[in-house]
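Residue indices begin at 1 and follow the sequence shown.
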Amino acid sequence: MSSPTSSRARSGAAKNARPAYRCTECGWATAKWVGRCGECQAWGSVAEDGPAAAGPRTVAVTPVRSAARPIAEIDVESARATPTGVDELDRVLGGGLVPGAVVLMAGEPGVGKSTLLLEVASQYARGLDGHGSRTVLYVTGEESAGQVRLRAERVGALAPSLLLAAETDLGTVLGHVDATSPELLVVDSVQTIASAEVDGISGGVSQVREVAAALIAVAKERQVPVLLVGHVTKDGTVAGPRTLEHLVDVVCQFEGDRHSRLRLVRAVKNRFGPTDEVGCFELAESGITGLTDPSGLFLSHLGAGVPGSCVTVTLEGRRPLALEIQSLVAPSPLANPRRTTNGMDSSRLAQILAVLHRHASLRLADQDVYLSTVGGARAGEPAADLAAALAIVSARTGDALPPGTVAFGEVGLAGDVRPVAGIDRRLSEAARLGFVRAVVPPGTRAGTTARAAAGLELVEAAHIAEAVDAVALGHAAR
């Protein structure tokens with residue numbers, strides 16, 4: 001007959017061993033099943049993840065193999081970054097790939113992740129001398145080897161020391177690593193690889209965690225950089241458990257409009273470099289190429305007097321990009337005129353129109369207003385407000401801005417023009433592109449270096465009405 005104490009112990013153990021449930025999208029865990037994830041709000045994504053841990057475990061003490069040393073005596077030469085051969089990616093990574101680093105490249109389907117990493121693998125295999133001095137293993141789990149071979153031929157990525165394997169089993173992938181001893185490992189993608197020792201389908205929380213942990217262990221043990229391709233959810237976040245982003249060293253986000261040639265790579269997390277750098281690429285039929293000067297993609301009338309057009313300078317991280325904003329204002333036959341935007345937030349346009357109506361006497365209540373950026377770029381920062389406002393006024397009055405004019409500044413609800421960050425970088429980019437006049441917020445001249453403003457006439461405007469008068473757009477239509 002069992003004692004009451006042993007019965008309570010078994011009852012407590014059974015309670016602790018009850019199954020746990022985890023979201024397959026973000027990794028959120030709960031003790032009971034729910035229909036909607038409490039973290040990412042996804043429906044039907046919570047599944048059983050096996051029994052929860054029964055309690056804390058005792059860990060045996062292992063003898064130390066190498067004694068701890070003063071930090072100043074640690075050798076750093078083995079941790080130096082090696083350039084990949086793709087300059088725009090090296091800019092984002094902080095100089096290149098560090099031995100043993102694990103980089104996660106996430107992005108929407110079709111944005112160009114596989115094409116970029118195939119180019120990186122090819123350039124890395126050729127080495128700095130271009131003679132194929134490095135062994136690179138490219139593991140594809142989404143496509144067949146023949147499909148990757150055709151793409152490599154199309155983009156010119158057939159390097160002799162670039163090895164290709166189409167595998168979805170984790171054990172087989174690790175076997176390829178042992179057999180080839182690569183100096184760079186590319187896995188496309190981490191959600192398609194599965195381990196036979198873990199329950200669940202590939203792409204599940206348990207499988208992604210196991211595969212990532214095994215690949216990270218290989219990277220650290222062999223001091224081999226690893227590039228992982230990651231899927232994203234519907235809201236743009238990395239699919240799989242949140243611990244995946246914590247385990248890897250670098251998380252890069254691949255962004256770009258499907259209908260635009262421009263692709264942006266930005267580091268969301270980087271243990272070896274800055275997170276405010278942006279790499280610019282152009283996706284074409286012949287592959288993907290880095291853009292050292294992407295401003296030309298967003299300008300169609302550089303210096304020309306075209307009504308309804310104004311150029312601004314935006315900042316992507318620390319990188320200035322010149323961007324042209326175009327507007328069209330036409331009489332509307334509708335009771336509620338259209339307000340259409342492309343590349344800019346519609347609520348931002350509504351705010352600018354209200355400010356122009358209240359503080360610049362611009363009548364737009366019976367007019368359709370269209371606002372668009374050139375080249376499929378996005379004007380997401382408030383610094384583009386002033387250029388958007390001037391483009392709308394120019395389209396309404398029919399007067400073009402003076403040739404060579406650029407404008408940037410945030411427009412407040414009171415009609416005031418507010419300062420923005422990165423004034424020197426914006427002015428330097430405008431001067432480099434040949435602009436001669438800049439409409440800027442008040443106080444810019446005092447806080448700008450002479451070198452940044454060289455060759456530019458700075459026109460300070462404290463109010464939106466002053467900015468309209470400064471570029472001689474005439475009187476707004478009453």
Are any side-chain N or O atoms of [X] and backbone N or O atoms of [Y], one a donor and one an acceptor, separated by less than 3.5 Å?
X	Y	answer
Glu381	Leu315	yes
Gln207	Gly204	no
Thr373	Ile325	no
Trp33	Glu48	no
Arg263	Val111	yes
Lys113	Phe254	no
Glu316	Val278	no
Asp368	Arg338	yes
Ser122	Glu119	no
Asp90	Thr84	yes

(request) Please name all residues satisfying side-chain hydrogen bond (donor to acceptor under 3.5 Å, both in side chains) with Arg36, sequence neighbours left out, ordered by chain then number. (result) Gln41
(message) Just to verify, what does Lys220 make a side-chain hydrogen bond (donor to acceptor under 3.5 Å, both in side chains) with, not counting sequence neighbours?
(response) Asp249
(message) Would Leu93 and Val250 count as a side-chain contact (heavy atoms from CB on, under 4.5 Å) here? Give the steps.
(response) CA-CA 8 Å; Leu93 296 178; Val250 182; 4.0 Å; yes
Spacing of [X] atom [atom1] and [Y] atom [atom2] [to the nearest 0.5 Å]:
X	Y	atom1	atom2	result
Leu104	Cys252	CG	SG	8.5 Å
Glu245	Lys269	CD	NZ	8.0 Å
Cys280	Arg266	SG	CZ	9.0 Å
Gln191	Thr168	CD	OG1	14.0 Å
Arg318	Thr275	CZ	OG1	9.0 Å
Leu264	Leu291	CG	CG	9.5 Å

(request) Can you establish whether the number of heavy atoms outside Asp199 located under 6.0 Å from its atom CG is more than 12? (result) no
(message) A quick test of your reading: do over 12 heavy atoms of other residues, nucleotides or ligands sit less than 6.0 Å from CD1 of Ile201?
(response) no
Can you name the closest pair of heavy atoms from [X] and [Y] and give their distance?
X	Y	value
Val436	Pro403	CG2-O, 4.0 Å
Gly287	Arg154	N-NH1, 4.5 Å
Val313	Val406	CG2-CG2, 3.9 Å
Gly94	Pro274	CA-CD, 4.4 Å
Ala387	Ala407	CB-O, 3.7 Å
Leu137	Ala165	CD1-CB, 4.4 Å

Are [X] and [Y] close enough that some pair of their side-chain heavy atoms sits under 4.5 Å apart?
X	Y	value
Phe408	Val440	yes
Val198	Leu170	no
Val218	Leu174	yes
Pro441	Arg418	no
Leu215	Val102	no
Pro182	Val177	yes
Ser189	Met105	no
Arg151	Ser114	yes

(message) Which residue is it: Arg425, Arg426, Arg432? I am looking for the one with a salt bridge (Lys or Arg N to Asp or Glu O under 4.0 Å) to Glu429.
(response) Arg432
(request) Report the residue from Leu162, Leu228, Leu227 that forms a side chain to side chain contact (heavy atoms under 4.5 Å, CB included) with Val186. (result) Leu227
Show me the donor-acceptor pairs within less than 3.5 Å that the side chains of residues 340-353 make with the rest of the protein, sequence neighbours left out.
residue, atom, partner, partner atom, Å
Thr341, OG1, Met344, O, 3.0
Asp345, OD2, Ser347, OG, 2.3
Arg348, NE, Asp385, OD1, 3.0
Arg348, NE, Asp385, OD2, 3.1
Arg348, NH2, Asp385, OD2, 2.4

(message) Could you walk me through whether Ile392 and Leu371 satisfy the side-chain contact (heavy atoms from CB on, under 4.5 Å) test, starting with their C-alpha distance in whole Å, then the side-chain angles of each, then the deciding distance to 0.1 Å, before giving a yes or no?
(response) CA-CA 8 Å; Ile392 294 172; Leu371 194 70; 4.2 Å; yes
(message) Can you see whether Tyr124 has Arg134 sitting over its ring - NZ or CZ less than 6.0 Å from the centre and within 45° of the normal?
(response) yes
(message) Please evaluate residues Val265 and Leu116 with respect to the criterion side-chain contact (heavy atoms from CB on, under 4.5 Å), reporting the C-alpha separation (whole Å), side-chain torsions for both, the decisive distance (0.1 Å), and the verdict.
(response) CA-CA 10 Å; Val265 176; Leu116 174 61; 4.1 Å; yes
(message) What I want to find out is whether Glu255 reaches Arg378 closely enough, with some N-O distance under 4.0 Å, to be called a salt bridge.
(response) no
(message) Between Thr405 and Val311, is the side-chain contact (heavy atoms from CB on, under 4.5 Å) condition met? List the steps.
(response) CA-CA 7 Å; Thr405 300; Val311 177; over 6 Å; no
